[in-house]
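What follows is a short report on a single structure.
Order of the sequence lines sets the chain letters (A, B, ...), proteins ahead of strands, with each chain counted from 1. Fair warning: this is a prediction, and the values are worked out from it, not measured in the lab.
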There are 2 protein chains.
Amino acid sequence: MSNPPLRLSPTECTCFRVRGAARRVTQIYSRHLAPTGLKISQFSLLGFVSAEGPVSIGRLSDLLATDRTTLTRNLNPLLKSGLVERSVSDDKRRHELAATLAGRAMFKRALPLWAAAEQEVRTAMGAKLTSDLHGALERSMEKLATL
Amino acid sequence: MSNPPLRLSPTECTCFRVRGAARRVTQIYSRHLAPTGLKISQFSLLGFVSAEGPVSIGRLSDLLATDRTTLTRNLNPLLKSGLVERSVSDDKRRHELAATLAGRAMFKRALPLWAAAEQEVRTAMGAKLTSDLHGALERSMEKLATL
DNA sequence: AGCACGAACGTGTATATGCACTCAAAATCT
DNA sequence: AGATTTTGAGTGCATATACACGTTCGTGCT
């Protein structure tokens with residue numbers, strides 16, 4: 001399987017393209033979520049914390065495929081606004097995180113706004129392209145997981 | 001064309017997936033570029049500035065599909081390390097940017113490292129998936145461009 | 001019990017990202 | 001020419017991202 005020579009135009013850079021797509025998509029979701037005051041990352045984080053009950057940073061790091069130290073900081077806004085609570089578990093190294101009542105209420109409120117964003121994106125792309133994109137992303141992440 | 005009801009699992013979130021992919025891919029390229037001291041964004045930026053000769057922030061913003069104010073800040077490391085120079089054009093509002101000699105040399109040095117990263121990613125994904133991913137991303141960006 | 005190792009987490013530092021706001025200069029209108 | 005609008009760019013603020021390093025605590029070994 002010989003590969004064609006890599007052309008060096010930056011648009012051929014997989015990293016450049018994926019990052020650009022992330023920027024674009026982020027903007028769209030942000031616009032929809034703006035009324036809640038939640039950023040898209042906070043929405044995801046709050047969703048996982050709500051769903052997973054008391055959960056540690058380390059586990060969240062696995063679930064979200066995000067660096068542990070990034071999560072520590074991303075949690076700050078949620079802690080400050082009282083949407084998430086932090087407690088120490090039996091293992092005193094571990095910090096358990098749980099959504100507060102306000103947190104769960106906020107997530108419920110944000111959910112339809114997220115759905116609207118998702119719908120807008122999927123409608124714009126169409127069913128086929130949506131499926132293609134998600135499929136390609138999922139398979140790519142599998143292949144790149146061990147690098 | 002009725003869409004199936006959106007399941008609300010966060011993994012069904014296009015934004016979540018694209019952002020996750022961007023994080024993963026970024027890590028891989030970063031590892032390769034580390035010896036140069038360049039971040040992947042700086043590499044892209046330096047590449048465009050080198051290729052486009054004297055170029056304004058606004059034009060770079062279009063080329064890179066990145067917010068103008070983000071570029072202003074992303075340029076700082078490159079200016080500080082003397083890889084890029086800033087000058088004022090005839091239109092005194094416009095700031096022209098150009099790669100210095102050191103900048104062009106640095107880009108040349110980084111290019112094979114970028115190519116190695118790109119090659120590693122493409123090899124891991126295989127030709128078909130690479131093509132699928134790029135195609136899906138390109139078409140998606142077209143569809144989402146006007147939202 | 002005491003020690004060595006690994007696990008879980010936070011901090012320092014640096015970059016990336018973009019919205020709202022402001023400033024200065026060019027272009028256009030009257 | 002003078003006033004208004006438009007354009008190009010920087011700053012303040014807040015968040016997102018992750019590597020290197022340090023700290024604390026559990027675990028297992030002797």
At under 4.0 Å between heavy atoms, what does [X] touch on the DNA or RNA strands: base, sugar-phosphate, or nothing?
X	answer
A/Asn74	base
A/Thr66	sugar-phosphate
A/Arg59	nothing
A/Arg86	sugar-phosphate
A/Ser56	sugar-phosphate

Separation of atom [atom1] in [X] from atom [atom2] in [N], rounded to whole Å:
X	N	atom1	atom2	result
A/Leu64	D/dA18	CG	P	11 Å
B/Leu97	D/dG8	CG	P	14 Å
B/Leu71	D/dT11	CG	C1'	15 Å
A/Asp67	C/dG10	CG	C1'	12 Å
A/Arg93	C/dG6	CZ	P	13 Å
A/Glu96	C/dA8	CD	P	12 Å
A/Tyr29	C/dG18	OH	P	16 Å
A/Arg19	D/dA16	CZ	P	16 Å

Do the side chain of [X] and the base of [N] come within less than 3.5 angstrom through a donor-acceptor pair of N or O atoms?
X	N	value
A/Arg23	C/dT17	no
A/Arg94	C/dA8	no
A/Arg68	C/dG10	yes
A/Thr69	D/dC19	yes

Considering just the side-chain nitrogens and oxygens of [X], establish if one lies under 4.0 Å of OP1 or OP2 belonging to [N].
X	N	answer
B/His95	D/dG10	yes
A/Thr72	C/dC9	no
B/Gln27	D/dT17	no

Quick one: do the A/Arg23 and B/Thr70 side chains pair a donor with an acceptor below 3.5 Å?
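Side-chain D/A pair, A/Arg23 to B/Thr70: absent.
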Donor + acceptor pair across side chains of B/Thr36, B/Arg109 (<3.5 Å)
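B/Thr36 vs B/Arg109: no donor-acceptor pair found between side chains.
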Are there more than 12 heavy atoms of other residues, nucleotides or ligands under 6.0 Å from atom CD of A/Glu85?
no
Of A/Ile40 and A/Lys92, the one whose closest DNA chain D nucleotide lies more 5':
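Closer to the 5' end of DNA chain D: A/Ile40.
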Please name the pair of heavy atoms, one in B/Val84 and one in B/Leu79, separated by the smallest distance, quoted to 0.1 Å.
O-CD2, 3.2 Å
Need to verify one output field. Residue with the more 5' nearest nucleotide on DNA chain C, B/Arg73 or B/Asp91?
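Comparing both residues, the 5'-ward one is B/Arg73.
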Flag the pair A/Glu96 and A/Arg86 as a salt bridge only when some basic side-chain nitrogen lies within less than 4.0 angstrom of an acidic carboxylate oxygen.
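Here A/Glu96 does not pair with A/Arg86 in a salt bridge, since their nearest N and O are not under 4.0 Å apart.
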Pair A/Tyr29-A/Phe43, ring-ring contact (aromatic ring centres under 6.0 Å, His included): steps then yes or no:
CA-CA 10 Å; A/Tyr29 284 74; A/Phe43 173 77; 8.7 Å; no
